[in-house]
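Right, one structure below, let's go through it.
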Amino acid sequence: MAVLVTGGAGYIGSHTCIELLKAGEDIVVIDNFYNSKPKAIEMIKEITGRDFAFYENDCCDRQALDRIFSENFIEEVIHFAGYKAVGESCLNPLMYYNNNINATLALLDTMNKYGCRRFVFSSSATVYGIPKKVPVTEKMPLSSINPYGSTKLMIENMCRELYTSDDRWSIVLLRYFNPIGAHESGKIGEDPNGIPNNLMPLILRAATGKMATLTVFGNDYPTPDGTCIRDYIHVVDLALGHLAAINYARKNTGCPAFNLGTGKGYSVLDIINTFEKVNKVKVPYVIGARRPGDAAECYSNPTLAKKELGWKAERGLEQMCADSWNFIKNN
Ligand code: UD1
(Lines give C-alpha, C1' and ligand atoms only; values in the text may rest on other atoms or scores of the structure.)
Protein backbone atom coordinates (compact mmCIF):
# COMPACT_ATOMS: atom_id res chain seq x y z
CA MET A 1 0.00 0.00 0.00
CA ALA A 2 1.48 3.34 -1.00
CA VAL A 3 0.74 6.98 -1.59
CA LEU A 4 1.56 8.04 -5.16
CA VAL A 5 3.14 11.51 -5.20
CA THR A 6 3.14 13.20 -8.62
CA GLY A 7 5.73 15.95 -8.95
CA GLY A 8 7.49 14.52 -5.92
CA ALA A 9 10.86 16.02 -6.88
CA GLY A 10 9.45 19.55 -6.94
CA TYR A 11 9.53 22.14 -4.19
CA ILE A 12 6.37 21.28 -2.23
CA GLY A 13 6.33 17.67 -3.45
CA SER A 14 9.81 16.84 -2.13
CA HIS A 15 9.08 18.29 1.31
CA THR A 16 5.83 16.33 1.41
CA CYS A 17 7.63 13.08 0.48
CA ILE A 18 9.94 13.60 3.47
CA GLU A 19 7.05 14.12 5.89
CA LEU A 20 5.16 11.10 4.50
CA LEU A 21 8.22 8.85 4.84
CA LYS A 22 8.95 10.19 8.34
CA ALA A 23 5.38 9.36 9.33
CA GLY A 24 5.93 5.75 8.21
CA GLU A 25 4.00 5.93 4.93
CA ASP A 26 5.21 4.09 1.84
CA ILE A 27 5.39 6.26 -1.25
CA VAL A 28 5.82 5.96 -5.02
CA VAL A 29 6.98 9.05 -6.90
CA ILE A 30 6.49 10.14 -10.50
CA ASP A 31 8.28 13.22 -11.87
CA ASN A 32 9.56 14.20 -15.32
CA PHE A 33 12.06 16.76 -13.91
CA TYR A 34 10.53 19.53 -16.00
CA ASN A 35 11.01 21.98 -13.13
CA SER A 36 13.03 19.89 -10.68
CA LYS A 37 16.21 17.85 -10.46
CA PRO A 38 17.07 14.17 -9.82
CA LYS A 39 19.14 15.33 -6.85
CA ALA A 40 15.91 16.04 -4.93
CA ILE A 41 15.05 12.32 -5.06
CA GLU A 42 18.51 11.41 -3.72
CA MET A 43 18.15 13.98 -0.95
CA ILE A 44 14.72 12.68 0.13
CA LYS A 45 16.27 9.21 0.49
CA GLU A 46 19.32 10.59 2.33
CA ILE A 47 17.30 12.71 4.79
CA THR A 48 14.80 9.98 5.65
CA GLY A 49 17.05 6.92 5.26
CA ARG A 50 14.22 5.28 3.32
CA ASP A 51 13.88 3.99 -0.21
CA PHE A 52 10.91 4.14 -2.58
CA ALA A 53 9.97 3.45 -6.19
CA PHE A 54 10.62 6.35 -8.54
CA TYR A 55 9.31 6.70 -12.11
CA GLU A 56 10.78 9.34 -14.43
CA ASN A 57 7.64 9.91 -16.46
CA ASP A 58 5.17 12.56 -17.49
CA CYS A 59 1.78 12.41 -15.79
CA CYS A 60 0.09 12.82 -19.17
CA ASP A 61 1.60 9.45 -20.16
CA ARG A 62 -1.29 7.04 -19.61
CA GLN A 63 0.82 3.97 -20.33
CA ALA A 64 3.28 5.00 -17.63
CA LEU A 65 0.44 5.59 -15.16
CA ASP A 66 -0.98 2.18 -15.98
CA ARG A 67 2.41 0.62 -15.29
CA ILE A 68 2.71 2.44 -11.96
CA PHE A 69 -0.74 1.35 -10.81
CA SER A 70 -0.21 -2.24 -11.93
CA GLU A 71 3.25 -2.52 -10.32
CA ASN A 72 2.23 -0.93 -7.00
CA PHE A 73 -0.78 -0.97 -4.71
CA ILE A 74 -1.66 2.73 -4.76
CA GLU A 75 -4.29 3.74 -2.22
CA GLU A 76 -3.98 7.51 -2.37
CA VAL A 77 -2.64 10.07 -4.83
CA ILE A 78 -1.23 13.51 -4.02
CA HIS A 79 -1.09 15.46 -7.26
CA PHE A 80 1.54 18.21 -7.38
CA ALA A 81 2.76 17.82 -10.96
CA GLY A 82 1.87 20.84 -13.04
CA TYR A 83 3.11 24.06 -14.58
CA LYS A 84 2.94 27.01 -12.21
CA ALA A 85 4.32 30.21 -13.70
CA VAL A 86 1.61 32.84 -14.11
CA GLY A 87 3.50 34.95 -16.68
CA GLU A 88 4.36 31.95 -18.84
CA SER A 89 0.74 30.79 -18.73
CA CYS A 90 -0.38 34.16 -20.17
CA LEU A 91 2.15 33.86 -23.02
CA ASN A 92 1.33 30.21 -23.73
CA PRO A 93 -2.10 29.30 -22.37
CA LEU A 94 -2.48 26.15 -24.48
CA MET A 95 0.69 24.73 -22.98
CA TYR A 96 -0.87 25.17 -19.52
CA TYR A 97 -4.25 23.71 -20.45
CA ASN A 98 -2.60 20.82 -22.29
CA ASN A 99 -0.32 19.86 -19.48
CA ASN A 100 -2.24 20.63 -16.29
CA ILE A 101 -5.63 19.43 -17.46
CA ASN A 102 -4.47 16.37 -19.41
CA ALA A 103 -2.23 15.14 -16.60
CA THR A 104 -5.08 15.36 -14.11
CA LEU A 105 -7.53 13.64 -16.47
CA ALA A 106 -5.08 10.81 -17.14
CA LEU A 107 -4.49 10.43 -13.42
CA LEU A 108 -8.16 10.44 -12.41
CA ASP A 109 -9.07 8.01 -15.22
CA THR A 110 -6.30 5.65 -14.15
CA MET A 111 -7.30 5.92 -10.48
CA ASN A 112 -10.88 5.08 -11.41
CA LYS A 113 -9.74 2.09 -13.42
CA TYR A 114 -7.79 0.71 -10.44
CA GLY A 115 -10.47 1.57 -7.86
CA CYS A 116 -8.25 4.13 -6.14
CA ARG A 117 -10.45 7.05 -5.11
CA ARG A 118 -8.52 9.13 -2.60
CA PHE A 119 -7.08 12.22 -4.21
CA VAL A 120 -5.36 15.26 -2.73
CA PHE A 121 -4.97 18.14 -5.17
CA SER A 122 -2.48 21.02 -5.12
CA SER A 123 -4.76 23.95 -5.64
CA SER A 124 -3.88 27.55 -4.94
CA ALA A 125 -5.16 30.76 -3.42
CA THR A 126 -5.16 31.92 -7.03
CA VAL A 127 -8.70 30.43 -7.30
CA TYR A 128 -9.96 33.43 -5.28
CA GLY A 129 -8.88 35.77 -8.13
CA ILE A 130 -8.46 39.26 -6.66
CA PRO A 131 -10.17 38.75 -3.28
CA LYS A 132 -12.74 41.40 -2.37
CA LYS A 133 -12.15 40.85 1.34
CA VAL A 134 -9.40 39.51 3.59
CA PRO A 135 -8.87 37.17 5.34
CA VAL A 136 -10.04 34.82 2.62
CA THR A 137 -12.38 31.99 3.62
CA GLU A 138 -13.17 28.91 1.55
CA LYS A 139 -16.72 30.19 0.97
CA MET A 140 -15.61 33.27 -0.95
CA PRO A 141 -16.37 33.45 -4.69
CA LEU A 142 -13.97 31.72 -7.05
CA SER A 143 -12.60 33.16 -10.26
CA SER A 144 -9.46 33.08 -12.36
CA ILE A 145 -7.40 35.96 -13.66
CA ASN A 146 -4.85 34.05 -15.76
CA PRO A 147 -4.57 30.68 -17.57
CA TYR A 148 -2.60 29.13 -14.70
CA GLY A 149 -5.40 30.06 -12.31
CA SER A 150 -7.97 28.79 -14.81
CA THR A 151 -6.35 25.35 -14.84
CA LYS A 152 -6.48 25.20 -11.01
CA LEU A 153 -10.13 26.25 -11.00
CA MET A 154 -11.07 23.84 -13.81
CA ILE A 155 -9.46 20.96 -11.95
CA GLU A 156 -11.27 21.92 -8.73
CA ASN A 157 -14.57 21.93 -10.67
CA MET A 158 -13.71 18.61 -12.30
CA CYS A 159 -13.11 17.11 -8.85
CA ARG A 160 -16.37 18.47 -7.43
CA GLU A 161 -18.32 17.09 -10.40
CA LEU A 162 -16.55 13.76 -10.14
CA TYR A 163 -17.57 13.42 -6.50
CA THR A 164 -21.15 14.44 -7.33
CA SER A 165 -21.26 11.65 -9.93
CA ASP A 166 -19.73 9.01 -7.65
CA ASP A 167 -19.76 9.52 -3.89
CA ARG A 168 -17.12 6.87 -3.25
CA TRP A 169 -14.45 9.50 -4.00
CA SER A 170 -12.50 11.21 -1.21
CA ILE A 171 -11.01 14.33 -2.70
CA VAL A 172 -9.29 17.09 -0.77
CA LEU A 173 -8.51 20.38 -2.52
CA LEU A 174 -5.69 22.26 -0.79
CA ARG A 175 -5.48 25.97 -1.55
CA TYR A 176 -1.93 27.06 -0.85
CA PHE A 177 -1.01 30.60 0.04
CA ASN A 178 2.68 31.57 -0.45
CA PRO A 179 5.11 28.76 0.42
CA ILE A 180 8.68 29.78 1.27
CA GLY A 181 11.44 28.31 3.46
CA ALA A 182 13.17 24.96 3.10
CA HIS A 183 13.87 21.76 4.98
CA GLU A 184 15.94 22.37 8.13
CA SER A 185 18.71 20.07 6.84
CA GLY A 186 19.47 22.59 4.06
CA LYS A 187 19.48 19.66 1.61
CA ILE A 188 16.26 20.44 -0.23
CA GLY A 189 14.50 23.70 -0.97
CA GLU A 190 13.10 25.69 -3.86
CA ASP A 191 15.35 25.00 -6.82
CA PRO A 192 13.48 26.01 -9.97
CA ASN A 193 14.96 25.45 -13.43
CA GLY A 194 15.43 28.82 -15.18
CA ILE A 195 14.57 32.28 -13.91
CA PRO A 196 12.26 32.33 -10.87
CA ASN A 197 9.11 34.51 -10.64
CA ASN A 198 8.23 34.30 -6.98
CA LEU A 199 9.43 36.68 -4.31
CA MET A 200 11.65 34.47 -2.10
CA PRO A 201 13.72 32.88 -4.91
CA LEU A 202 14.28 36.42 -6.23
CA ILE A 203 15.29 37.72 -2.77
CA LEU A 204 17.81 34.85 -2.64
CA ARG A 205 19.24 35.81 -6.02
CA ALA A 206 19.59 39.44 -4.96
CA ALA A 207 21.17 38.47 -1.62
CA THR A 208 23.74 36.19 -3.29
CA GLY A 209 24.54 38.74 -6.00
CA LYS A 210 23.21 36.51 -8.80
CA MET A 211 20.88 39.41 -9.57
CA ALA A 212 21.92 43.05 -9.07
CA THR A 213 18.68 44.25 -7.46
CA LEU A 214 15.25 43.00 -6.60
CA THR A 215 12.37 45.10 -7.91
CA VAL A 216 9.58 45.64 -5.40
CA PHE A 217 6.43 45.74 -7.48
CA GLY A 218 4.79 48.97 -6.28
CA ASN A 219 4.77 50.86 -2.97
CA ASP A 220 1.54 52.78 -3.52
CA TYR A 221 -0.94 50.08 -2.46
CA PRO A 222 -3.44 50.85 0.32
CA THR A 223 -1.40 48.88 2.89
CA PRO A 224 0.60 50.19 5.91
CA ASP A 225 3.93 50.43 4.02
CA GLY A 226 2.43 50.62 0.52
CA THR A 227 3.70 47.18 -0.61
CA CYS A 228 1.53 44.09 -1.21
CA ILE A 229 0.58 41.78 1.61
CA ARG A 230 0.66 37.97 1.34
CA ASP A 231 0.33 34.96 3.61
CA TYR A 232 3.79 33.32 3.58
CA ILE A 233 3.81 29.75 4.90
CA HIS A 234 6.78 27.50 5.71
CA VAL A 235 6.97 24.70 3.13
CA VAL A 236 7.36 22.10 5.91
CA ASP A 237 4.08 23.28 7.49
CA LEU A 238 2.50 23.03 4.06
CA ALA A 239 3.90 19.51 3.63
CA LEU A 240 2.40 18.50 6.98
CA GLY A 241 -0.95 19.80 5.73
CA HIS A 242 -0.84 17.05 3.07
CA LEU A 243 -0.38 14.37 5.71
CA ALA A 244 -3.41 15.72 7.52
CA ALA A 245 -5.33 15.73 4.21
CA ILE A 246 -4.42 12.09 3.48
CA ASN A 247 -5.62 11.08 6.95
CA TYR A 248 -8.82 13.05 6.42
CA ALA A 249 -9.43 11.35 3.05
CA ARG A 250 -9.03 7.95 4.71
CA LYS A 251 -11.94 8.75 7.00
CA ASN A 252 -14.24 10.91 4.87
CA THR A 253 -15.65 10.94 1.37
CA GLY A 254 -16.47 14.28 -0.27
CA CYS A 255 -14.65 17.06 -2.07
CA PRO A 256 -13.92 19.85 0.42
CA ALA A 257 -11.41 22.67 -0.11
CA PHE A 258 -9.11 23.95 2.63
CA ASN A 259 -6.94 27.04 2.85
CA LEU A 260 -3.38 26.21 3.84
CA GLY A 261 -1.96 29.45 5.15
CA THR A 262 -0.90 30.96 8.46
CA GLY A 263 -3.65 33.58 8.63
CA LYS A 264 -1.00 36.31 8.98
CA GLY A 265 -0.24 38.85 6.28
CA TYR A 266 3.24 40.29 5.70
CA SER A 267 4.24 42.98 3.20
CA VAL A 268 7.05 42.67 0.66
CA LEU A 269 9.14 45.06 2.80
CA ASP A 270 8.41 42.98 5.94
CA ILE A 271 9.88 39.97 4.14
CA ILE A 272 12.96 41.84 2.92
CA ASN A 273 13.58 43.43 6.35
CA THR A 274 13.12 40.16 8.26
CA PHE A 275 15.35 38.33 5.78
CA GLU A 276 18.12 40.94 6.21
CA LYS A 277 17.83 40.94 10.01
CA VAL A 278 17.73 37.16 10.52
CA ASN A 279 20.46 36.34 8.01
CA LYS A 280 22.61 39.46 8.47
CA VAL A 281 22.82 39.98 4.73
CA LYS A 282 21.76 42.83 2.44
CA VAL A 283 18.99 42.45 -0.12
CA PRO A 284 19.58 45.25 -2.65
CA TYR A 285 16.23 46.43 -3.99
CA VAL A 286 14.54 49.21 -5.93
CA ILE A 287 10.90 50.22 -5.96
CA GLY A 288 9.34 49.60 -9.35
CA ALA A 289 5.92 49.71 -10.98
CA ARG A 290 3.03 47.52 -9.88
CA ARG A 291 2.83 44.08 -11.48
CA PRO A 292 -0.45 43.72 -13.39
CA GLY A 293 -2.84 41.31 -11.70
CA ASP A 294 -1.41 41.68 -8.17
CA ALA A 295 -3.91 42.03 -5.31
CA ALA A 296 -2.99 44.55 -2.61
CA GLU A 297 -3.72 42.00 0.12
CA CYS A 298 -4.25 38.27 0.13
CA TYR A 299 -4.11 36.21 3.31
CA SER A 300 -6.05 33.27 4.59
CA ASN A 301 -8.50 32.45 7.27
CA PRO A 302 -7.08 28.98 8.09
CA THR A 303 -9.65 27.97 10.74
CA LEU A 304 -11.46 25.39 8.59
CA ALA A 305 -8.24 23.39 8.11
CA LYS A 306 -7.64 23.51 11.84
CA LYS A 307 -11.17 22.31 12.60
CA GLU A 308 -11.48 19.61 9.93
CA LEU A 309 -7.90 18.48 9.32
CA GLY A 310 -6.52 19.19 12.79
CA TRP A 311 -3.69 21.07 11.09
CA LYS A 312 -2.18 24.47 11.81
CA ALA A 313 0.98 26.21 10.57
CA GLU A 314 3.56 26.40 13.38
CA ARG A 315 6.67 28.00 11.87
CA GLY A 316 7.14 31.77 11.90
CA LEU A 317 8.54 34.23 9.37
CA GLU A 318 12.03 34.34 10.92
CA GLN A 319 12.40 30.59 10.52
CA MET A 320 11.10 30.76 6.95
CA CYS A 321 13.76 33.38 6.08
CA ALA A 322 16.54 31.51 7.92
CA ASP A 323 15.74 28.16 6.29
CA SER A 324 15.50 29.65 2.78
CA TRP A 325 18.95 31.19 3.23
CA ASN A 326 20.40 28.04 4.78
CA PHE A 327 19.38 26.03 1.69
CA ILE A 328 20.99 28.50 -0.70
CA LYS A 329 24.22 28.68 1.33
CA ASN A 330 24.46 24.89 1.30
CA ASN A 331 23.88 24.62 -2.41
C1 UD1 B 1 1.90 34.09 -7.46
C2 UD1 B 1 0.81 33.96 -8.45
C3 UD1 B 1 -0.20 32.99 -7.92
C4 UD1 B 1 0.47 31.65 -7.64
C5 UD1 B 1 1.61 31.87 -6.68
C6 UD1 B 1 2.37 30.57 -6.41
C7 UD1 B 1 0.69 36.11 -9.63
C8 UD1 B 1 -0.09 37.34 -9.86
N9 UD1 B 1 0.22 35.26 -8.73
O10 UD1 B 1 1.36 34.60 -6.26
O11 UD1 B 1 -1.23 32.83 -8.86
O12 UD1 B 1 -0.46 30.73 -7.10
O13 UD1 B 1 2.51 32.84 -7.21
O14 UD1 B 1 3.42 30.36 -7.26
O15 UD1 B 1 1.73 35.92 -10.22
N16 UD1 B 1 7.02 40.66 -5.70
C17 UD1 B 1 7.86 41.74 -5.85
N18 UD1 B 1 8.94 41.60 -6.67
C19 UD1 B 1 9.22 40.46 -7.35
C20 UD1 B 1 8.35 39.35 -7.19
C21 UD1 B 1 7.26 39.49 -6.36
O22 UD1 B 1 7.65 42.80 -5.26
O23 UD1 B 1 10.22 40.43 -8.10
C24 UD1 B 1 5.86 40.78 -4.82
C25 UD1 B 1 4.54 40.60 -5.53
O26 UD1 B 1 4.05 41.84 -5.98
C27 UD1 B 1 3.68 40.02 -4.41
C28 UD1 B 1 4.66 39.26 -3.54
O29 UD1 B 1 5.95 39.75 -3.87
O30 UD1 B 1 3.12 41.04 -3.65
C31 UD1 B 1 4.60 37.78 -3.75
O32 UD1 B 1 4.74 37.52 -5.13
P33 UD1 B 1 4.84 36.04 -5.70
O34 UD1 B 1 5.87 35.29 -4.98
O35 UD1 B 1 4.95 36.13 -7.19
O36 UD1 B 1 3.45 35.40 -5.26
P37 UD1 B 1 1.94 35.86 -5.58
O38 UD1 B 1 1.90 36.98 -6.52
O39 UD1 B 1 1.24 36.05 -4.29
Side-chain angles (χ1 to χ4, degrees), residues 1-57 59 64-65 67-81 116 118-120 122 172 174 176 179-193 200 204 233-250 260 309-316 319-331:
M1 286 186 313
V3 181
L4 174 64
V5 183
T6 79
Y11 176 43
I12 309 172
S14 58
H15 288 83
T16 302
C17 287
I18 290 177
E19 297 308 322
L20 287 163
L21 291 166
K22 269 173 61 187
E25 302 283 349
D26 288 322
I27 65 171
V28 173
V29 173
I30 172 172
D31 202 302
N32 64 358
F33 299 128
Y34 175 79
N35 195 25
S36 59
K37 300 183 180 74
K39 191 174 172 215
I41 299 297
E42 272 169 53
M43 289 300 128
I44 298 168
K45 294 183 178 176
E46 191 176 303
I47 291 166
T48 60
R50 291 195 53 198
D51 201 9
F52 51 86
F54 173 74
Y55 293 82
E56 185 177 344
N57 287 111
C59 272
L65 292 179
R67 200 172 74 243
I68 294 173
F69 276 80
S70 56
E71 289 176 1
N72 303 277
F73 182 21
I74 306 292
E75 285 226 289
E76 289 89 15
V77 176
I78 308 182
H79 182 34
F80 292 104
C116 169
R118 292 186 197 131
F119 186 64
V120 175
S122 256
V172 182
L174 298 178
Y176 311 150
I180 60 172
H183 191 259
E184 59 179 12
S185 64
K187 290 181 175 177
I188 60 163
E190 189 164 16
D191 194 8
N193 294 335
M200 185 54 83
L204 295 169
I233 174 169
H234 197 295
V235 67
V236 172
D237 278 327
L238 195 63
L240 289 166
H242 293 76
L243 236 74
I246 284 289
N247 287 323
Y248 178 93
R250 286 175 178 154
L260 295 189
L309 303 179
W311 168 92
K312 183 171 153 283
E314 305 282 356
R315 293 159 179 80
Q319 191 176 348
M320 299 183 213
C321 290
D323 288 343
S324 288
W325 186 234
N326 184 40
F327 171 67
I328 290 301
K329 276 191 309 186
N330 279 304
N331 292 274

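Below, each value reflects all heavy atoms present in this structure, side chains not excepted, and no hydrogens, waters or symmetry copies.
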#### Entry: Ion pair Asp26/Arg50, N-O distance below 4.0 Å
yes
### Task
For Lys45, enumerate each residue passing the salt bridge (Lys or Arg N to Asp or Glu O under 4.0 Å) test, keeping only those at least two apart in sequence or located in another chain.
Asp51
### Query
Considering residues at least two apart in sequence or located in another chain, which fulfil the side-chain contact (heavy atoms from CB on, under 4.5 Å) criterion with Ala9?
Asp31, Phe33, Ser36, Ala40, Ile41
### Summary
The side chain to side chain contact (heavy atoms under 4.5 Å, CB included) partner of Met320 among Ile180, Val235, Asp237 is Ile180
### Message
Which residues pass the side-chain contact (heavy atoms from CB on, under 4.5 Å) test with Glu184, not counting sequence neighbours?
### Response
none
### Task
Can you tell me which residue pairs pass the salt bridge (charged side-chain N to carboxylate O under 4.0 Å, His left out) test with a partner in residues 35-44, sequence neighbours excluded?
Lys37-Asp191
### Task
Tell me, please, which residues at least two apart from Phe327 pass ring-ring contact (aromatic ring centres under 6.0 Å, His included).
none
## Note on the structure
The reported gap from OG1 in Thr48 to CE in Met43 (rounded to nearest 0.5 angstrom) is 11.5 Å
### Message
Checking Phe52 now: which residues fulfil ring-ring contact (aromatic ring centres under 6.0 Å, His included) with it, not counting sequence neighbours?
### Response
none
#### Entry: Which residues share a side-chain contact (heavy atoms from CB on, under 4.5 Å) with Asn35, sequence neighbours left out
Lys84, Pro192, Asn193
Residues 238-248, side-chain donor-acceptor partners within the protein, below 3.5 Å, at least two apart:
| unit_1 | atom_1 | unit_2 | atom_2 | d |
| --- | --- | --- | --- | --- |
| His242 | ND1 | Leu238 | O | 2.8 |
| His242 | NE2 | Tyr176 | OH | 2.6 |
| Asn247 | OD1 | Arg250 | NH1 | 3.3 |
| Asn247 | ND2 | Leu243 | O | 3.2 |

### Task
Could you tell me which residues satisfy side-chain contact (heavy atoms from CB on, under 4.5 Å) with Ser185, sequence neighbours excluded, listed by chain and number?
Ile47, His183, Lys187
### Task
Could I get the full list of side chain to side chain donor-acceptor pair (under 3.5 Å) partners for Asn57, not counting sequence neighbours?
none
### Check: Ala81 main-chain N/O paired with Thr6 side-chain donor or acceptor under 3.5 Å
yes
## Note on the structure
To the nearest 0.5 Å, atom CD1 of Ile44 lies from atom CD1 of Ile18 at 6.0 Å
### Task
Identify the two heavy atoms, one from Phe80 and one from Ser122, that lie closest to each other, and give their separation to 0.1 Å.
CD2-OG, 3.1 Å
### Polar contact flag, side-chain donor to acceptor under 3.5 angstrom, Asn72-Tyr55
yes
### Message
Could you work out, with ring-ring contact (aromatic ring centres under 6.0 Å, His included) as the rule, every residue matching Trp325, not counting sequence neighbours?
### Response
Phe275
### Task
Could you pull out all residues at least two apart from Phe73 that satisfy ring-ring contact (aromatic ring centres under 6.0 Å, His included)?
none
